[in-house]
Each structure stands twice: as C-alpha cells, then as structure tokens.
Amino acid sequence: MASMVRSSMSLTALSNQALVSGTRTSNPSSVSLSIKGRNFPSITLQPRGRRFQFRCAAKPETVQKVCDIVKKQLALSEDSTVTGESKFAALGADSLDTVEIVMGLEEEFGITVEEDSAQSIATVQDAAEMIDKLLESKA
C-alpha cells in the first residue's frame, strides 16, 4: 500500500521478510510493489516541478530483447554495451534506423506501434516500457 502526502510517501514495506508498517520516506526515487502476492515492476518517480510522474519500469526480459533487437538493427558488435538507458541517437541511430528498430520490435512482439508513440521513443527503456504497456492492453 502506498499513499502520497505532499513530498513524502507513506509505505507499507517488507524488510528482511518481516512486515514493517508505516515506513515513511521523503523524496523517494523508486518503489517496488507487491499486491495480493503479485509482484509489479518498480515504479520510478521523476520530479516534474512540484509534481511527480510515475513511470513503471519494464520487465528485465523485455529490456534485454529490445537491447538485442537494437544491436541487430544497428549492426553493433556483440561486445557493444546497450542498456535500458542507452539512447538510440547515442548508439548512432538516425530517424530511418529508429523506424527500422520500431518495425523489428513490432515483428518480435506482435504489436502495432502508433506513429505518435514511436516518435516518443528515445531510449531502450522507453521502447521496453511501451511494449509492456501494449502487451498488457492486448491481454
């Protein structure tokens, strides 16, 4: 259970397998949730002025698949480092490469990416989060 109170967050958290109720933290950067035995990806909180934007992290296996597809589409060597934080532009991708990456993602995951969504993808993590969201909405 989590609730926001101004710039603080009140959490019920597990610590060393024991329930610690009423844990309080100020300015958290991320939170992991488990509800009724179901684990959810971490939530990263990003400050936006006086507000927070909740951003759910993609599944690690989705991020890894996206990394592999990006490496293949950009013809990067196997020893090249591509992580969730990797920006397509920093990896040498131009707009055509980005379109090809999105097409590869659509084929691999059996999804259709709207043009608006495709234009908002800047990093591997952005792509993985969008994929998980689309797959969840399909289910």
A.B. asks: State whether the side chain of K71 and the backbone N or O of S80 hold a donor-acceptor pair below 3.5 Å, judged by distance alone.
C.D. replies: yes
A.B. asks: Is there a side-chain contact between D132 and E136 in this structure, where contact means two heavy atoms from C-beta onward sitting under 4.5 Å apart?
C.D. replies: no
A.B. asks: Just wondering, do I101 and L74 contact through their side chains at under 4.5 Å, heavy atoms?
C.D. replies: yes
A.B. asks: Minimum heavy-atom separation for L91 to S86, with atom names?
C.D. replies: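 Closest pair (atom of L91, atom of S86, distance): CD1-CB, 4.0 Å.
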A.B. asks: Are F88 and D97 close enough that some pair of their side-chain heavy atoms sits under 4.5 Å apart?
C.D. replies: no
A.B. asks: Rounded to the nearest 0.5 Å, what separation is found between the CD1 atom of I121 and the CG atom of L105?
C.D. replies: 7.0 Å
A.B. asks: If you group Ile, Leu, Val, Met, Phe, Trp and Tyr by side-chain heavy-atom gaps below 4.5 Å, do L135 and V102 land in one group?
C.D. replies: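 They do share one cluster, since a chain of ILVMFWY contacts under 4.5 Å joins L135 to V102.
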A.B. asks: C67 and side chain to side chain contact (heavy atoms under 4.5 Å, CB included): which partner among V70, I69, V63?
C.D. replies: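 Checked V70, I69, V63 against C67; only one passes side chain to side chain contact (heavy atoms under 4.5 Å, CB included): V63.
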A.B. asks: So, do E85 and T123 sit near enough that their side-chain heavy atoms are less than 4.5 Å apart?
C.D. replies: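 Counting from C-beta outward, E85 and T123 never come under 4.5 Å.
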A.B. asks: Is there a donor-acceptor contact under 3.5 Å from the side chain of K138 to the main chain of G110?
C.D. replies: yes
A.B. asks: How long is the span from the OG1 atom in T62 to the CD1 atom in I131, to the nearest 0.5 Å?
C.D. replies: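 Going from OG1 on T62 over to CD1 on I131, the span is 7.0 Å.
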A.B. asks: How many angstroms lie between CE in M130 and CD in E114, if you round to the nearest 0.5 Å?
C.D. replies: 10.5 Å
A.B. asks: Tell me, do V124 and T83 make a side-chain contact under 4.5 Å, heavy atoms counted?
C.D. replies: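 Counting from C-beta outward, V124 and T83 never come under 4.5 Å.
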